[in-house]
Amino acid sequence: MPVHLYGQCADMDPILEIAKRHNLKVVEDACQAHGATYRNRRAGSMAHMGCFSFYPTKNLGGYGDGGMIITRDRMLAEKARSLRNYGEISRYRNSLRGINSRLDEIQAAILRVKLEYLDIWNRRRFEIADMYNKNIISNLITKPAKMEYGTHVYHLYVIRCAYRDELREYLKDSGIETLVHYPTPAYSEKAGRGLSPHGLATTEEYSKRVLSLPLYPAIRDEEIYRVCEAINKFKKGSLKNEDN
Ligand SMILES: *Cc1c(COP(=O)(O)O)cnc(C)c1O
């Protein structure tokens, strides 16, 4: 289950090749990557199944919860359709134990209208990321990598900094809110116990360093410049100096 994290597709060809060799099914988690591409294919369309979330903060979000599965496999489509509606195969005939996971009509109506703006909003996200890329000049910051194989839709713009918590506090003092995606590796959570018994070194390190900067289509250019300026002024120990 590759995750197209932060809005950029995972390198799918090698994954699909491994899956093919071992006769495995691949499910794309495209919940952060609506509209992203990988070698001219769209996120969610490359594997056996693609999953999207329409949670309000996603690149395509409703005004409440919602989601979508896409697949070319008729059997999988039928099964998913049945599972979202208590496992019904026809009215009040249940062949599976399903759940209630229907997309309600109000959300569908909102999403249908917003879908037309998805590419425009994604382009604006790209523009904002580009402004961050060009205007953040600090040797304390590692900017997100952009792969050549596709288009990034910047659900999030995630930098890395060895002094992440201090930087976050410093930005907060400057009136700039940031978030951390994500503070702990999934396997460190009680619910994820056993997922990776020996831990993953890169994951451990990144979970301590990642910081998501403000990014949404309606943010103004001046606001982005202000974030960049604050970041460029940040030095290790900046907070303590201000207190003195
Ligand atoms: C938001 C998100 C989900 C979950 O979406 P729900 O709508 O809450 O089910 C899953 N994976 C990723 C990568 C996400 O960003």
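As the structure is a prediction and not an experimental result, all values here were calculated from the model. Atoms within a ligand are numbered from 1 in the order they appear, just like the ligands themselves.
The protein atom (non-hydrogen) at minimum distance from atom 7 (O) of ligand 1 is Ser53 OG, 2.5 Å.
Closest of all the heavy-atom pairs between Glu166 and Gly237 is OE2-N, 2.5 Å. Closest of all the heavy-atom pairs between Ala10 and Tyr149 is C-OH, 3.5 Å.
When the heavy-atom distances from atom 1 (C) of ligand 1 to His4, Met68, Lys58 are ranked, the shortest goes to Lys58.
For atom 9 (O) of ligand 1, the nearest protein heavy atom is 4.0 Å or more away.
Heavy-atom proximity to Val3, at under 4.0 Å, picks out these atoms of ligand 1: 13 (C). Below 4.0 Å from some heavy atom of Cys31 lie the following atoms of ligand 1, by number and element: 2 (C), 3 (C), 10 (C), 11 (N), 12 (C), 14 (C), 15 (O). Shown in contact with Asp29 at under 4.0 Å from a heavy atom are these atoms of ligand 1, numbered in order with element: 10 (C), 11 (N), 12 (C), 13 (C).
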Would Ile159 and Thr142 count as a side chain to side chain contact (heavy atoms under 4.5 Å, CB included) if you check the C-alpha gap in whole Å, the side-chain angles of each, and the deciding distance to 0.1 Å? CA-CA 6 Å; Ile159 58 169; Thr142 307; over 6 Å; no
Give the C-alpha distance, both sets of side-chain angles, the deciding distance and a yes or no for side chain to side chain contact (heavy atoms under 4.5 Å, CB included) between Thr71 and His48. CA-CA 6 Å; Thr71 180; His48 298 93; 5.5 Å; no
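Of the inter-residue distances, the one linking Asn122 atom CG with Ile120 atom CD1 reads 10.5 Å to the nearest 0.5 angstrom.
Aromatic ring pairs are classed by plane angle as parallel below 30°, tilted from 30° to 60° and perpendicular above 60°; the pair Phe52 and His34 is tilted.
In terms of N/O distances under 3.5 Å, ligand 1 is not approached by Asp65.
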